[in-house]
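A note on names: the letters A, B, ... follow the listed sequences, proteins ahead of strands, and every chain is numbered from 1. Quick caveat, the model's predicted, so the values are computed rather than measured.
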2 protein chains.
Amino acid sequence: MGRERRPTLDTVAREVGVSRATVSNAYNRPDQLSASLRERIIMTAAALGYAGPDPVARSLATRSGGSVAVMLGSRLSAAFSDPALSIVLDSLADTLDVERSMLLMPGVEGGPRRESVARAHADVAVAYSLPDDCAALVEVERRGLPLVVIDQPVLPGSAMVDVADRAGAALAASHVVGLGHRDVGVLAFALHADGVSGPPSAERVATSRYRVTRERMAGYVSVLDAPPVWETPGCLRDHGREGAHWLLRQVPRPTALLCMSDELALGALRAAHDLGLRVPEDLTLVGFDDTPAAQWADPPLTTVRQDLVDKGRIAAELAISLLDGARPGPSRTLPTTLVERASTAPR
Amino acid sequence: MGRERRPTLDTVAREVGVSRATVSNAYNRPDQLSASLRERIIMTAAALGYAGPDPVARSLATRSGGSVAVMLGSRLSAAFSDPALSIVLDSLADTLDVERSMLLMPGVEGGPRRESVARAHADVAVAYSLPDDCAALVEVERRGLPLVVIDQPVLPGSAMVDVADRAGAALAASHVVGLGHRDVGVLAFALHADGVSGPPSAERVATSRYRVTRERMAGYVSVLDAPPVWETPGCLRDHGREGAHWLLRQVPRPTALLCMSDELALGALRAAHDLGLRVPEDLTLVGFDDTPAAQWADPPLTTVRQDLVDKGRIAAELAISLLDGARPGPSRTLPTTLVERASTAPR
DNA sequence: TTGTAGGCGTTATCAG
DNA sequence: CTGATAACGCCTACAA
């Protein structure tokens with residue numbers, strides 16, 4: 001099994017009897033040589049089994065061409081099971097130029113491993129809702145990679161796109177209060193990355209590493225007065241179901257639940273079902289994100305809408321402009337709006 | 001904004017007064033030099049703002065270090081909305097060595113663009129259920145990248161992992177027939193990438209570009225006699241719902257539906273609900289995949305189980321072994337089993 | 001323990 | 001239109 005060296009640009013050049021530069025031009029600047037010569041070069045290249053310019057070598061020479069490193073705060077399973085993230089990622093990938101792919105860097109404990117960031121062939125990074133003290137971000141800075149942040153953290157020198165989470169949460173809270181609900185529970189997602197679930201202490205809430213969670217909580221609390229809160233360990237439907245069971249056991253029993261995501265709300269819907277409560281007659285439910293599943297639900301979910309497609313698109317655009325040498329501008333904050341459907345009703 | 005050149009290994013070497021090799025060793029082979037010298041090197045490197053060895057240059061020199069290119073047949077949104085795929089990818093990423101990330105290459109029309117594969121910094125590729133004539137695969141071959149195929153296509157020279165789809169489908173069909181059902185409908189996913197939906201012609205079935213679809217269909221048909229079939233344009237729940245509505249309008253109305261995925265089955269469940277049919281009393285439903293949603297459903301779904309986590313893990317292991325120079329062995333076929341839950345009942 | 005020299009496969013610049 | 005020549009930034013024998 002002789003590990004025979006693969007042909008290179010030079011092999012082809014020698015065979016054709018031209019210089020390497022000419023062969024390179026044959027691939028990258030067809031207008032720089034006669035069609036016939038080019039043809040001859042391509043032919044012999046094929047005959048030699050030359051696979052075309054090596055992407056890595058090309059990148060070294062051009063100092064570019066890597067992909068976009070997308071850093072996630074969670075494992076892929078968690079990432080994929082979060083519809084909101086899927087939509088953002090899809091839109092991001094869609095907007096990226098064809099020649100740049102996404103280098104997905106899953107997180108282990110609050111972010112990708114620093115080492116993997118150090119080795120990544122990327123010339124721009126996108127951080128998706130990462131904890132402020134994420135080691136991977138230190139590495140990004142050390143490498144001097146242009147950075148686009150989605151949601152978190154707020155970092156000088158990086159471009160950023162986020163969402164009016166707090167205002168949106170306040171909208172949700174005001175809505176249910178306006179409907180006459182006095183006993184309102186909150187279904188929050190993780191405040192820390194320790195997998196703990198249950199009613200969190202005030203301190204735990206205050207010290208949350210997750211900006212989105214903090215903001216949404218702040219929005220709820222700006223309207224509500226010390227509501228009962230259940231913290232879930234993740235954003236899965238099951239988690240929402242579990243938390244809702246607890247919340248609905250409180251006395252007085254909440255007549256409305258504000259949920260930090262649609263998935264959580266869907267879990268709560270299930271819990272209501274378990275307990276024989278009708279939505280919205282016996283229980284009012286508000287989600288967050290407005291993912292497709294929210295409209296799909298029975299009843300369709302009232303929720304706080306954020307434009308996830310826009311979020312991904314803008315992140316990609318920012319990444320591209322950074323690549324083009326633009327300075328990161330002020331952060332772009334997308335609006336949130338309340339979408340009233342059938343899961344909310346007057347008390 | 002002077003685009004000042006970033007320091008390199010050489011800059012550091014000169015500053016410290018040693019050779020580049022020594023600096024390189026300071027990073028890659030700490031045991032090759034005294035701790036004190038190493039320390040001095042690292043310090044000045046930091047002072048100079050040297051970010052450590054450039055990943056691209058390193059890869060060029062070592063001829064390795066790229067990531068694993070994962071080629072998908074669909075856009076990411078579609079990919080993510082398919083729970084089965086999510087699980088496989090997660091398991092795949094999880095098994096990969098820490099230093100290799102996944103380069104996600106979404107497909108546009110049946111696969112990634114050939115051009116993007118040509119430029120990818122990858123030293124191994126994983127194809128996930130791609131059409132046989134996928135251009136991206138030609139490029140993979142041209143580049144001589146080691147290839148691991150999941151499900152499709154069957155390609156000489158590549159490692160492969162797939163699933164006993166046909167046998168599994170036959171299992172499902174036998175199960176419902178054994179239960180006494182005579183009128184059985186089939187909810188199939190896309191046979192072609194043209195977005196068409198409806199009852200497909202025999203020719204359309206026979207010429208399907210998708211192996212998984214063909215195999216499952218073959219499994220059903222090996223037991224059933226010319227069942228009514230509805231082809232969905234995708235694997236979304238909505239699609240399943242739409243198709244089920246049509247199937248349930250046929251005369252005689254099917255008393256059982258075999259669905260090519262759990263998502264489709266869940267859509268069918270919804271359709272049954274729409275029509276006031278009880279499952280399993282009035283309608284028997286069988287899914288495929290055994291994703292978490294299947295157990296979650298109400299009623300929990302009888303389905304054909306495949307081990308998606310294994311599938312991803314094995315794909316990753318194959319990729320790694322290919323990277324280590326192993327020859328692709330015979331294809332690994334994972335078993336399918338029938339998981340009986342509450343969505344099936346005797347006629 | 002350190003340094004030297006050669007190579008990795010391209011691209012870019014600038015003459016001819 | 002073509003070809004030297006010099007980067008690009010690093011790795012790795014091998015010699016000292």
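Between C/dT2 and B/T22, no contact under 4.0 Å exists linking OP1 or OP2 to a side-chain N or O. In terms of phosphate contacts, A/N25 brings no side-chain nitrogen or oxygen within less than 4.0 Å of OP1 or OP2 of D/dT2. Residue A/R58 places at least one side-chain N or O closer than 4.0 Å to OP1 or OP2 of C/dT11. Considering only side-chain N and O atoms, A/R29 lies under 4.0 angstrom from the phosphate OP1 or OP2 of C/dA12. At least one side-chain nitrogen or oxygen of A/S24 sits closer than 4.0 Å to the OP1 or OP2 atom of C/dT11. Distances shorter than 4.0 Å separate none of the side-chain N or O atoms of B/T62 from OP1 or OP2 on D/dC11.
A donor-acceptor pair is defined here as one N or O able to donate and one able to accept, closer than 3.5 Å; no such pair exists between the side chain of A/S91 and the backbone of A/V88. Under the 3.5 Å distance criterion, the side-chain polar atoms of B/Q152 are matched with a main-chain donor or acceptor of B/R211.
Between the CZ atom of A/R14 and the P atom of D/dG3 there is a distance of 14 Å, rounded to whole Å. Rounded to whole Å, atom C1' of D/dA7 lies 14 Å from atom CG of B/D54. The NE2-P distance, from A/H121 to D/dG9, rounds to 14 Å in whole Å. Taking atom CG of B/L9 as the reference point, atom C1' of D/dC8 lies 13 Å away to the nearest angstrom. Between B/Y50 atom OH and D/dG9 atom C1' the separation is 8 Å, expressed in whole Å. In this entry the distance linking CG of A/L48 with P of C/dG9 reads 14 Å, nearest Å. Atom CD of B/Q32 is separated from atom C1' of C/dT1 by 9 Å (rounded to the nearest Å). Atom CZ of B/R63 is separated from atom P of D/dG9 by 20 Å (rounded to the nearest Å).
More than 12 non-hydrogen atoms from other residues, nucleotides or ligands lie less than 6.0 angstrom from CD of A/E317.
In summary, the side chains of B/H121 and B/S59 do not present any donor paired with an acceptor at a separation below 3.5 Å, with no hydrogens or angles considered.
Checking C/dT2, D/dC10, C/dT10 against the side-chain heavy atoms of B/L33 singles out C/dT2 as nearest. Looking at the side chain of B/S34, the nearest of the listed nucleotides D/dC8, D/dC10, C/dT1 is C/dT1. Of the candidate nucleotides D/dC10, D/dA4, D/dC8, D/dC10 has the atom nearest to the side chain of B/R20.
Summary of the strand contacts: B/P53 and A/G17 both lie near DNA chain D, and taking for each the nucleotide with the nearest heavy atom, the more 5' one is attributed to A/G17. DNA chain C is contacted by both B/A21 and A/G52; B/A21 maps to the nucleotide lying nearer its 5′ end (nearest heavy atom per residue). Each of A/N28 and B/S19 lies near DNA chain C, and the nucleotide nearest B/S19 is the one positioned closer to the 5' end.
As judged by a 4.0 angstrom heavy-atom cut-off over every strand, A/L60 is placed among the base-contacting residues. Contacts of A/Y27 with the nucleic acid, taken as non-hydrogen atoms under 4.0 Å apart, are absent. A/V18 comes within contact range of the sugar-phosphate backbone alone, with a heavy-atom separation under 4.0 Å but no base atom that close.
At a threshold of 4.5 Å between non-hydrogen side-chain atoms, the residues A/L92 and A/V68 do not count as touching.
For the pairing with B/M71, the side chain to side chain contact (heavy atoms under 4.5 Å, CB included) check across B/V126, B/L104, B/L103, B/V140 returns one residue only, B/V140.
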